[in-house]
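These notes concern the structure reproduced below.
Below, chain A is the first sequence line, B the second, and so on; all start at residue 1.
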Amino acid sequence: MTGRSPARLDVDRLIDDRRTRIIVCCGSGGVGKTTIAAAIGLRAAEHGRRVVVLTVDPARRLAQSMGLSSLDNTPRLVPGVQVGDQADGTGTGPAGSLHAMMLDMKRTFDEIVEGHADPDRAAQILANPFYQSLSSSFAGTQEYMAMEKLGQLRRADEWDLIVVDTPPSRSALDFLDAPQRLARFLDGKLLRLLIAPAKVGGRAYLRALNAGFGVVTGMLTKILGTQVLRDVQTFVSALDTMFGGFRERADYTYQLLRAPGTAFLVVAAPEEDALREASYFVERLDTERMPLAGLILNRVQQVPAAQLSAARSLAAAEVLQAAAPGRPRPGHHDGPSHPAPPHRGRGQLGADHQAASRQLTIAALQLHAERMAQAAAERRVAGSFAAAHPLVPVAEVPAQPEDVHDLEGLRRIGESFAAR
Amino acid sequence: MATRDTDWDGVRLHVVTGKGGTGKTTVAGALSLALAADGRRVLLMEVEGRQGIAQLFDVPPLPYAERRIAVGPGTSSRPGGDVFALVADPESALIEYLQMFYGLRHAGSALARLGVMDFATTIAPGLRDVLLTGKAAEAVRRKDGARGRSYDAVVMDAPPTGRIGRFLNVSAEVSDLARVGPIRGHADTVQQVIRSPETVVHFVTVLEEMPVQETLDGIAELRALGGIRPGGIIVNMTRPMALPPGQLHEAANGKLDLAQLAIGLKAAGLDDSQGLADALATELAEQARTTLGQEEQQQRLESARQPCYRLPWISGGMDLAGLYRLAAALREQKAA
Ligand SMILES: Nc1ncnc2c1ncn2[C@@H]1O[C@H](COP(=O)(O)OP(=O)(O)OP(=O)(O)O)[C@@H](O)[C@H]1O
Ligand SMILES: Nc1ncnc2c1ncn2[C@@H]1O[C@H](COP(=O)(O)OP(=O)(O)OP(=O)(O)O)[C@@H](O)[C@H]1O
Ligand SMILES: [Mg+2]
Ligand SMILES: [Mg+2]
């Protein structure tokens, strides 16, 4: 760990820069991608940009507060955005706006099918059980469809900034890898072999694969039964017209992610696992030459009384406990310590008052010590990330005491993006 | 065997689900330890190929084989039982299945090499699920001549809440794909185990909106499926709030008696000249708001009417000692 603090990520500059057209919020599960994407979208709109936020699986209350009550796969204007309230304070800049939408992956997939096949064939595909399981539960479909939607929004050209939230996933890398995996699968060799083994028998390695093919179909039949294999074949040949289409589309969006005007933000909580994932992701972006704007360290513990060290705080709490007359010491880890109110005897009022004040102060000091320890642990893990990636700018977002589920909460998060 | 009066007496397959990152693997580990008390033999099973169990118990990566990894907490009269672990992956499960039912060992491996498993499980995720749940069902039913059942309990570190319904409803998932055929028969056997009163699904959550919502949705989903029994709700990572309930609302509304705090600080020998009392009151206020938000979530959970258990936050990082503490907490609350 080095003592140097990393460069500060200036999120406001990023969103005020009109050349920024796409911001992608990535990160491992539960770190705050959806929240940060929404907060950035809101702030950018209130800074005068025409923004659309593509969210994936937002918390119900957050969705509601953005006016997203139904999952209809189209951008909706978010009410309650303070437009015309420009950053320069003149109120004369262009009026911003905020649209938001929730991704419906199945619908997005269906639309691709409908757009690429004649109505009969499309209907046939949509009804196939394999299509249904692929479009609703293949690991990677959600990522592919998020990228697909991003491509569509970009082509629509109705917004000057698109903020993309990414699907919940253990690893941030899934966002980059999964679409390719689905595309590879959909125009993969095995699938092609299944429809027309004869057609591709020419090349040597395929011939070898083909030789094994009889065994393969035999086995699949054994495991799944003949009818399943027939269903698969019907599905595959119906999709045949669209092969290649998937690859191309995935490639198009992938290129979009590399284009100037795109900025990746990696979101992480100040915890070891999340920062390890963030590390992998940062390195991956680097090899892919994709533009990383920086790291958003979300839910950073703030300690208002930072002047008092954890050790002194605990020591002071112990002094007070020792002073408590004839009361067992509440152990630090033994759960809530709510000593019964002292017995009210003659002349006890002053003592009562003292006891209450002692109890309150002990609670405050113990809580404070915990927060200091937590903050120190967070600084330690953030420090090792910074040491490993000294060039990655970092913006910190304070942990809010409550869930972030309304525009006010998002706005408060946005305020931490202001230059200090 | 000493019988204990627990909430899940008679249950032999404990499926542990929850939103990602809420502590499924940790709780599944603690539960398997708790169940292994009193000399019981327990199998802890992982199905997502992440070697989470090995990490949790601090042992080298585990193979597709049942290995003893820990011993449950014992008492003076009775030593703890053994906890075994198994990392099940669909490929190995398929190979095993083919061998068991068709005596086809090499064919299975050949298939795996050709990537057919990848293919088959991609096009039909139900197939992967039936192989994994099938392995659990097999372990639950397995008999071993001398001791009767091979395992007294099987604990499964299962997929997250969003996928649990599909995962467990294998028979229906597979029957959409295969109306007849051997895999269909297999799925039906597995389904009998999953829908028996010997199987329950526990939900791990933390007191935040999304995981709580997922828990409630998950329980509702299982109920709608019929026959798959929701088990306990395990509220993980709870921290004690030091303030007495009476002062919680005061604190949350910023109405704490600052003078009281100032007197207390003085008595503790701390200097309040820098606005320390003020700053500490802010900390208490924030904490109180967090706690109130959590209480709201706790109440939402109670609307599900399933037994609720609370596990403490283990500070300083999870380790074996912490895991045994969680196991003890589960036993105290009669979850095991
Ligand atoms: N700075 C913050 N302070 C307090 N709570 C926060 C903060 N950021 C996010 N949260 C809360 O954390 C929870 C998870 O946030 P969010 O849904 O944005 O994460 P995510 O990365 O999108 O998760 P997933 O991977 O499941 O999609 C939400 O309840 C949200 O309100
Ligand atoms: N009671 C607890 N106290 C402290 N830390 C905990 C507790 N329970 C879990 N953790 C920690 O939280 C993190 C997530 O836990 P775990 O891996 O068990 O979750 P999971 O639900 O299995 O996650 P995934 O969805 O990634 O499989 C781990 O670092 C673990 O050590
Ligand atoms: Mg999200
Ligand atoms: Mg896990």
Checklist entry - Taking all non-hydrogen atoms of both residues, which atom of Ala268(B) and which atom of Val319(A) are closest, and how far apart? => result CA-CG1, 4.2 Å
Item to check | Taking every non-hydrogen atom, the tightest pair across Thr361(A) and Gly264(B) | outcome: OG1-CA, 3.1 Å
Checklist entry - Using non-hydrogen atoms only, which part of Asp57(A) is less than 4.5 Å away from chain B: side chain, backbone, both, or neither? => result backbone
Checklist outcome for this item: One option among Gln307(A), Glu272(A), Arg60(A), Gln302(A) has the most heavy-atom pairs under 4.5 Å with chain B, and it is Arg60(A)
Next on the checklist: Can you list everything that forms a side-chain contact (heavy atoms from CB on, under 4.5 Å) with Asn169(B)? Sequence neighbours excluded, please.
Outcome noted: Ala172(B), Gln191(B), Arg195(B), Leu225(B)
Next on the checklist: Given heavy-atom pairs under 4.5 angstrom as the criterion, report whether the side chain, backbone, both or neither of Gln400(A) touches chain B.
Outcome noted: neither
Item to check | Under 4.5 Å from a heavy atom of chain B, the part of Ala356(A) involved | outcome: both
Checklist entry - Checking Asp217(B) against chain A: side chain, backbone, both or neither under 4.5 Å from a heavy atom? => result side chain
Checklist entry - Is the backbone N or O of Leu367(A) less than 3.5 Å from a side-chain atom of Gln287(B), with the two atoms forming a donor-acceptor pair by type? => result no
Checklist entry - In terms of heavy-atom pairs under 4.5 Å with chain B, which of Ala364(A), Ala315(A), Ala373(A), Ser28(A) leads? => result Ala364(A)
Item to check | Approximate separation, where rounding is to 0.5 Å, of Leu276(B) CG and Leu365(A) CG | outcome: 7.5 Å
Next on the checklist: If you count heavy-atom pairs within less than 4.5 Å of chain A, which of Ala285(B), Gly275(B), Ala279(B) leads?
Outcome noted: Ala279(B)
Next on the checklist: Checking an interface table here. Which of residues 291-298 of chain B come within a heavy-atom distance under 4.5 Å of chain A?
Outcome noted: Glu296(B), Gln297(B)
Item to check | CZ-OG distance between Arg50(B) and Ser171(A), expressed to the nearest 0.5 angstrom | outcome: 9.5 Å
Item to check | Member of Glu208(B), Arg289(B), Glu286(B) meeting the side chain to side chain contact (heavy atoms under 4.5 Å, CB included) criterion with Glu402(A) | outcome: Arg289(B)
Next on the checklist: Surrounding CZ of Arg276(A) (heavy atoms of other residues, nucleotides or ligands, distance under 6.0 Å), is the total greater than 12?
Outcome noted: yes
Checklist entry - Does the Glu209(B) side chain pair with the main chain of Arg61(A), one donor and one acceptor, at a distance under 3.5 Å? => result yes
Next on the checklist: For a quick test of reading the model, state the closest non-hydrogen atom pair linking Pro58(A) to Met210(B) and the distance between them.
Outcome noted: C-SD, 4.2 Å
Checklist outcome for this item: Between Leu270(B) and Ala316(A) the two heavy atoms that sit nearest each other are CD1-CB, 3.6 Å
Item to check | Heavy-atom proximity to chain B below 4.5 Å, by part of Leu360(A) | outcome: both
Next on the checklist: As an exercise, state the distance from OG of Ser315(B) to CD of Glu370(A), rounded to the nearest 0.5 Å.
Outcome noted: 7.5 Å
Next on the checklist: If you count heavy-atom pairs within less than 4.5 Å of chain A, which of Leu265(B), Asp278(B), Thr238(B) leads?
Outcome noted: Leu265(B)
Item to check | Separation between CZ of Arg358(A) and CG of Leu261(B), rounded to the nearest 0.5 Å | outcome: 14.0 Å
Checklist entry - Once you round to the nearest 0.5 Å, how far does NE2 of His353(A) lie from CG of Asp257(B)? => result 6.0 Å
Checklist entry - Just by modelled atom types, is the Pro401(A) backbone N or O under 3.5 Å from a matching donor or acceptor in the Thr290(B) side chain? => result yes
